Amino acid sequence: MQASVPVRAPTWVSQRRLFQQKLSELHKCNNLNELKQLHALIYRSYLHQDPFLSTKLITSYSNCRQMVSAISVFNQVQTPNVHLYNTMIRAHVHNSQSLQAFDVFYRMQCNGVWPDNFTYPFLLKAFSGPSYISVVRMVHAHVEKFGFYSDIFVPNALLDSYSKCGVMGVHAARKLFWVMEMRDTVSWNTMIGGLVKLGEVVEGRELFDEMPERDSVSWNTMIDGYVKGGEMDAAFELFQRMPERNVVSWSTMISGYSKAGDMETARMLFDKMPVKNLVSWTIIISGYAEKGIVKEAIELYDRMEEALLRPDDGTIISVLAACAESGLLGLGERVHVTIERSRYTCSVHVCNALLDMYAKCGSLNRALSVFYRMRSRDLVSWNAIIHGLAMHGNGREALQLFTGMKQEGFAPDKVTFVGVLCACTHGGFVDEGIHYFYNMERDYGVTPEIEHYGCIIDLLGRGGRLNEAFQLVHDMPIKPNNVIWGALLGACRMHNAVELAEEVLNQLVKLEPYDSGNLSMISNIYAAAGNWDKVCDARLKMKNTGSQKPSGASLIELENEVHEFTVVDKSHPKSVRIYQMINGLSQHLKKDGYTADEILKENYSGSLGGSL
DNA sequence: CTAGGGTTAG
């Protein structure tokens with residue numbers, strides 16, 4: 001095709017003007033190719049020593065996750081000033097390289113450049129977490145020594161970092177807060193936030209009432225404190241009283257009602273809120289999806305797309321996790337389509353959420369396909385796929401992947417071993433599981449925790465090795481919880497061990513006296529043993545305590561609709577056809593020499609739910 | 001420097 005408009009060669013002047021304009025916005029550049037071109041031009045123009053330009057280049061490379069380039073720009077500068085060092089620290093922090101950030105902090109001082117009031121807030125961002133309290137203390141001492149208290153940003157950053165360091169940290173934050181000579185609204189907000197995150201809502205409220213001026217962050221922080229503590233009434237009271245509600249205030253309330261299971265109120269607020277953003281949509285959609293309310297979830301997902309809001313990683317991960325939880329394969333696939341359409345590559349986190357969704361929904365082939373096609377895999381990816389395979393009876397494959405992850409140099413963690421033990425349980429590899437359990441600490445430095453004891457006791461119990469299971473519960477260094485006793489009780493039921501079951505029940509009633517599941521389990525055990533007096537006792541107790549066991553249900557999602565079935569359920573419109581199919585299946589099974597109980601024994605994973 | 005959604009287990 002011929003060009004209808006003649007292309008005019010750009011003049012030197014207009015090129016230069018363009019270059020200068022590009023340079024002024026260099027730090028906002030997020031296109032890697034363009035960034036490289038500009039970098040080349042800068043280099044050719046001998047401008048790479050320019051402190052302003054190199055700072056902007058580092059920021060851009062850091063935003064494009066190109067730390068190698070960022071570092072090389074930094075190294076080109078012969079005598080970096082404090083601003084450049086600060087930029088480099090921030091770049092490392094932004095790319096979660098906290099050790100490297102600290103290294104820059106150290107090197108700048110070796111080179112005789114002293115940190116300024118910007119350095120500390122950047123540096124402290126890298127060390128937020130309970131394990132970093134000693135680092136924060138050290139930085140605090142540094143601040144004390146160099147006297148940067150005068151800039152309120154510095155002690156505020158310290159407050160924030162301390163308050164993220166658990167109980168000890170919040171104690172230090174409290175002390176610092178009260179000795180600070182100046183406190184602005186951010187200081188108060190940070191302190192309140194630290195307190196309520198640890199569950200100290202009452203103390204947080206005292207500060208909230210005491211502070212001289214409250215901004216929207218103060219109100220939202222306090223509301224979230226109540227929300228996280230499940231005190232929705234107190235949260236609502238503040239929500240109504242606050243002078244100006246913004247999108248965060250509404251979202252916090254919606255998230256609270258959703259977590260409390262009150263989707264009606266959540267939805268009412270969502271419809272009422274004047275301005276919605278990605279986060280508010282995410283909260284309401286995942287709320288519905290988590291509870292298996294597919295229709296509303298999909299409807300809102302459509303409406304979000306119609307509103308031309310592009311889901312970000314947070315939305316995608318959150319919705320996929322909700323789909324995984326309640327097995328909404330349909331919506332999960334919709335989200336997958338969105339991902340494929342909108343991005344060329346996606347982050348490890350998004351892929352992990354996707355593969356986990358497919359695995360939990362039972363679509364192992366697609367889970368594996370996501371897993372193998374991922375550009376890079378992290379520990380979470382391996383853990384998710386191993387556990388996914390294990391849960392669905394592919395124990396051998398799960399263990400093969402366990403070998404694979406070690407070959408690729410990943411160190412298994414405690415989550416991995418939950419998956420590995422689960423694989424052994426569901427694959428029936430009793431001795432192999434015992435071997436992993438007893439050697440995980442020696443071979444991989446992972447100390448067995450209560451979850452692992454739960455797995456191994458389940459494994460022994462299902463394998464019929466009840467005595468060993470009981471012995472282990474007796475010998476274990478951790479106090480057994482209801483999961484452990486529950487696993488034993490299940491094993492007793494499976495192997496008709498009436499006396500042992502009574503012993504377990506005695507322990508279990510201490511922990512959860514009115515749990516209907518336990519009573520119903522023991523009643524089944526007595527029934528199997530023909531001890532009808534005891535069956536009556538148990539039934540009576542259930543009646544007296546008013547606890548009725550909610551019947552187990554199987555949920556199947558078909559074409560964006562969830563179908564629920566309970567035992568001998570005939571309410572489904574197509575139930576005649578369904579039972580015909582089931583009878584056909586059981587006849588096939590019988591012909592092959594299986595009885596229902598045998599199947600249960602071999603494949604009793606809880607995933608069968610209520611038998612149809 | 002402070003507020004809402006965020007992947008693996010239980």
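Predicted model only: the values in this text are computed from it and were never measured.
Per the geometry, CZ belonging to A:F371 stands 14 Å off C1' belonging to B:dT7, to the nearest Å. A straight line from CZ of A:F270 to P of B:dG4 spans 19 Å, rounded to a whole angstrom. When rounded to the nearest whole Å, the span between CE of A:M180 and C1' of B:dT2 equals 12 Å. The separation between A:Y120 atom OH and B:dC1 atom C1' is 15 Å, rounded to whole Å. Taking atom NZ of A:K259 as the reference point, atom C1' of B:dG5 lies 8 Å away to the nearest angstrom. Distance CE (A:M253) to P (B:dG4): 14 Å, rounded to an integer number of Å. Summarising the geometry, the separation between CG on A:L401 and C1' on B:dT8 is reported as 14 Å, rounded to the nearest angstrom. In this entry the distance linking CH2 of A:W188 with C1' of B:dA3 reads 18 Å, nearest Å.
Contact check, A:H387 against B:dA9: a side-chain N or O comes under 4.0 Å of OP1 or OP2. Proximity of A:K164 to the phosphate of B:dC1: no side-chain N or O atom is located under 4.0 Å from OP1 or OP2. Close to B:dG4, at under 4.0 Å from its OP1 or OP2, lies no side-chain N or O of A:K197.
Looking at heavy-atom distances under 4.0 Å, A:V350 makes no contact with the nucleic acid at all. As judged by a 4.0 angstrom heavy-atom cut-off over every strand, A:V418 is placed among residues touching the sugar-phosphate backbone only. Within the nucleic acid shown, A:N277 comes within 4.0 Å of at least one base atom, counting heavy atoms only.
Side-chain atoms of A:A157 lie closest to B:dC1 of the nucleotides B:dA9, B:dC1, B:dG10. Of the candidates B:dG5, B:dT8, B:dT7, B:dT8 carries the atom nearest the A:N383 side chain, counting heavy atoms from C-beta on. In this structure, of B:dG5, B:dG4, B:dG10, it is B:dG5 that holds the atom nearest to the side chain of A:T315. Closest to the side chain of A:N352, from the set B:dG4, B:dG5, B:dT7, is B:dT7. Distance from the side chain of A:S280 is smallest for B:dG4 among the nucleotides B:dC1, B:dT7, B:dG4. With B:dT7, B:dG5, B:dT2 as the choices, the nucleotide that has an atom nearest any side-chain atom of A:V186 turns out to be B:dT2. The side chain of A:K414 lies closest to B:dA9, out of B:dG5, B:dT2, B:dA9. Nearest nucleotide to the A:V248 side chain, out of B:dC1, B:dT8, B:dA3: B:dA3.
Panel note: side chain A:K272, backbone A:R267; no donor-acceptor pair is recorded below 3.5 Å.
Between the side chain of A:S286 and the base of B:dG5, no donor-acceptor pair under 3.5 Å is found. The base of B:dG4 is paired with the side chain of A:S251 by a donor and an acceptor separated by under 3.5 Å. Taking only distance into account, the side chain of A:N246 meets the base of B:dA3 through a donor-acceptor pair shorter than 3.5 Å. Counting distance only, with no hydrogens placed and no angle test, the side-chain atoms of A:D312 and the base atoms of B:dG6 include no donor-acceptor pair under 3.5 Å.
Within the 6.0 Å centre-distance limit, the rings of A:F177 and A:W188 are counted as a close aromatic pair. Separation of the A:H92 and A:F102 ring centroids does not fall under the 6.0 Å cut-off. No close placement of the A:W219 and A:F239 rings is indicated, their centers lying 6.0 Å or farther apart. A centroid separation of less than 6.0 Å is found between the aromatic rings of A:Y162 and A:H140.
A salt bridge links A:E449 to A:K414: at least one charged side-chain nitrogen sits closer than 4.0 Å to a carboxylate oxygen. In summary, A:E203 and A:R174 engage in a salt bridge, as defined by a charged side-chain N under 4.0 Å from a carboxylate O. Checked for salt-bridge contact, A:E210 and A:R205 miss the test: no charged N lies under 4.0 Å from a carboxylate O.
Scanning residues 217-242 of chain A for heavy-atom distances under 4.0 Å to DNA chain B yields A:V217, A:N220, A:T221, A:D224, A:K228.
A:R310 meets the salt bridge (Lys or Arg N to Asp or Glu O under 4.0 Å) test with no other residue; sequence neighbours excluded.
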